[in-house]
*Asks:* 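Provided herewith is a single structure, encoded as structure tokens, for subsequent inquiry.
All residue numbers in this chain count up from 1 along the given sequence.
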Amino acid sequence: MTWDAIDLQILARLEADGRATHAAIAREIGVTGPAVYARVKRMEVAGLIRGYRVDIDAAKLGKPLTAFVRVTTRPIKVESDSIEPFVLGEPRIVECHDIASEDTFIFKVRCASPEDLRDLLMQIRAKPQVL
């Protein structure tokens, strides 16, 4: 499916403010509200728009420290050796990215303090799968 200039303008506006109303977008780009609605629906159905998110200020939740942690693991022989259950259960790990063709991950973590980060790093390093 191809996307025209109006679709791209709508996407840019939604990226800037996911809560923008169709009417407001329509006024900004010079089309009707129903036209914006139809185009947004078409982009959602096609999977171009996958969802809408909230941008949270982690500092206001008591987690002002964001860090990226590189973790190299041993190749697993059985699924029970996976580090995945720890990652899924650890609320300070907010993203996990697998580095292709390596047994390496990048974790995005949010912690309350440098001490909290050190505690998390110690827990990660204590896992038998971690090198």
*Asks:* I need the single residue from Asp98, Thr72, Ile93, Val130 that forms a side-chain contact (heavy atoms from CB on, under 4.5 Å) with Phe105. Which is it?
*Replies:*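 That would be Asp98; it is the only one of Asp98, Thr72, Ile93, Val130 passing the side-chain contact (heavy atoms from CB on, under 4.5 Å) with Phe105.
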*Asks:* Can you check side chain to side chain contact (heavy atoms under 4.5 Å, CB included) on Glu44 and Arg50, steps first, answer last?
*Replies:* CA-CA 6 Å; Glu44 289 172 345; Arg50 295 185 301 189; over 6 Å; no
*Asks:* Return the CG to CG distance between Asp17 and Asp55, rounded to the nearest 0.5 Å.
*Replies:*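 These two atoms lie 11.5 Å from each other.
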*Asks:* Cluster question for you: counting only ILVMFWY and a side-chain heavy-atom cut-off of under 4.5 Å, with indirect links fine, are Leu8 and Ile29 together?
*Replies:* yes
*Asks:* Measure the spacing between CG of Asp103 and OG1 of Thr73 and express it to the nearest 0.5 Å.
*Replies:* 4.5 Å
*Asks:* To the nearest 0.5 Å, how far apart are CD in Glu90 and SG in Cys96?
*Replies:*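 That separation rounds to 12.5 Å.
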*Asks:* Are any non-hydrogen side-chain atoms of Val69 and Leu121 less than 4.5 angstrom apart?
*Replies:* yes
*Asks:* Are the side chain of Asp7 and the backbone of Asp4 linked by a donor-acceptor contact shorter than 3.5 Å?
*Replies:* yes
*Asks:* Might you work through the side chain to side chain contact (heavy atoms under 4.5 Å, CB included) test for Val40 and Ile10, ending with a clear yes or no?
*Replies:* CA-CA 8 Å; Val40 168; Ile10 292 168; 3.7 Å; yes
*Asks:* So, taking the atom named CD1 in Ile49 and the one named CZ in Arg42, what distance separates them when rounded to the nearest 0.5 Å?
*Replies:*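 Rounded to the nearest 0.5 Å, the CD1-CZ separation comes to 10.0 Å.
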*Asks:* Step by step, work out the side chain to side chain contact (heavy atoms under 4.5 Å, CB included) result for Leu48 and Leu11.
*Replies:* CA-CA 9 Å; Leu48 179 62; Leu11 285 173; 3.5 Å; yes
*Asks:* Could you check whether any side-chain N or O of Gln129 sits under 3.5 Å from a backbone N or O of Ser82, counting only pairs where one atom can act as donor and the other as acceptor?
*Replies:*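 Yes.
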*Asks:* Using every non-hydrogen atom in the two residues, find where Thr66 and Lys108 come nearest and quote the distance to one decimal.
*Replies:* CG2-CE, 3.8 Å
*Asks:* What distance do Leu120 atom CG and Arg92 atom CZ have between them, rounded to the nearest 0.5 Å?
*Replies:* 4.5 Å
*Asks:* Give, for atom OH of Tyr52 and atom CZ of Arg19, the distance between the pair rounded to the nearest 0.5 Å.
*Replies:* 13.0 Å
*Asks:* Taking it one step at a time, do Arg70 and Glu102 satisfy salt bridge (charged side-chain N to carboxylate O under 4.0 Å, His left out)?
*Replies:* CA-CA 12 Å; Arg70 182 179 173 148; Glu102 297 181 27; 3.3 Å; yes
*Asks:* If hydrophobic clusters are built by linking Ile, Leu, Val, Met, Phe, Trp and Tyr wherever their side-chain heavy atoms come under 4.5 Å apart, do Val54 and Leu61 end up in the same one?
*Replies:* yes
*Asks:* Where is the tightest heavy-atom contact between Pro64 and Ala112, given as atom of each residue plus distance?
*Replies:* CD-O, 3.6 Å
*Asks:* Is it possible for you to say whether Ile25 and Met43 belong to one hydrophobic cluster, with membership spreading through side-chain heavy-atom contacts below 4.5 Å?
*Replies:* yes
*Asks:* Can you tell me if Phe86 has over 12 outside heavy atoms packed within less than 6.0 Å of its CZ?
*Replies:*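 Yes, because the 6.0 Å sphere around CZ of Phe86 holds more than 12 heavy atoms from other groups.
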*Asks:* Indicate if Trp3 and Leu14 have the same hydrophobic cluster label, given that clusters are the connected sets of ILVMFWY residues with side-chain heavy-atom separations under 4.5 angstrom.
*Replies:*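 Yes, same cluster.
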*Asks:* Quick one: closest heavy-atom pair of Gly33 and Ala26, and the distance?
*Replies:* N-CB, 3.5 Å
*Asks:* Taking all non-hydrogen atoms of both residues into account, name the closest pair between Ala46 and Met1 and its distance.
*Replies:* CB-SD, 3.9 Å
*Asks:* When you check the gap from the basic side-chain N to the acidic O, do Arg110 and Asp116 get nearer than 4.0 Å?
*Replies:*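 Answer for the salt bridge query: no.
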*Asks:* Do you know the tightest heavy-atom contact between Glu95 and His97?
*Replies:* OE1-NE2, 2.7 Å
*Asks:* In terms of hydrophobic clustering (I, L, V, M, F, W, Y; side-chain heavy atoms under 4.5 Å; direct or indirect links), are Ile99 and Ile83 co-clustered?
*Replies:*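 As far as the 4.5 Å side-chain criterion goes, Ile83 and Ile99 are not connected within one cluster.
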*Asks:* Please assess Asp119 against Glu115 for the test side chain to side chain contact (heavy atoms under 4.5 Å, CB included), listing each intermediate value before the final yes or no.
*Replies:* CA-CA 6 Å; Asp119 175 66; Glu115 295 79 19; over 6 Å; no
*Asks:* Check each of His22, Lys41, Glu28 against Val36 using the side-chain contact (heavy atoms from CB on, under 4.5 Å) test, and report the only one that passes.
*Replies:*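 So, applying the side-chain contact (heavy atoms from CB on, under 4.5 Å) to Val36 and each of His22, Lys41, Glu28, only His22 qualifies.
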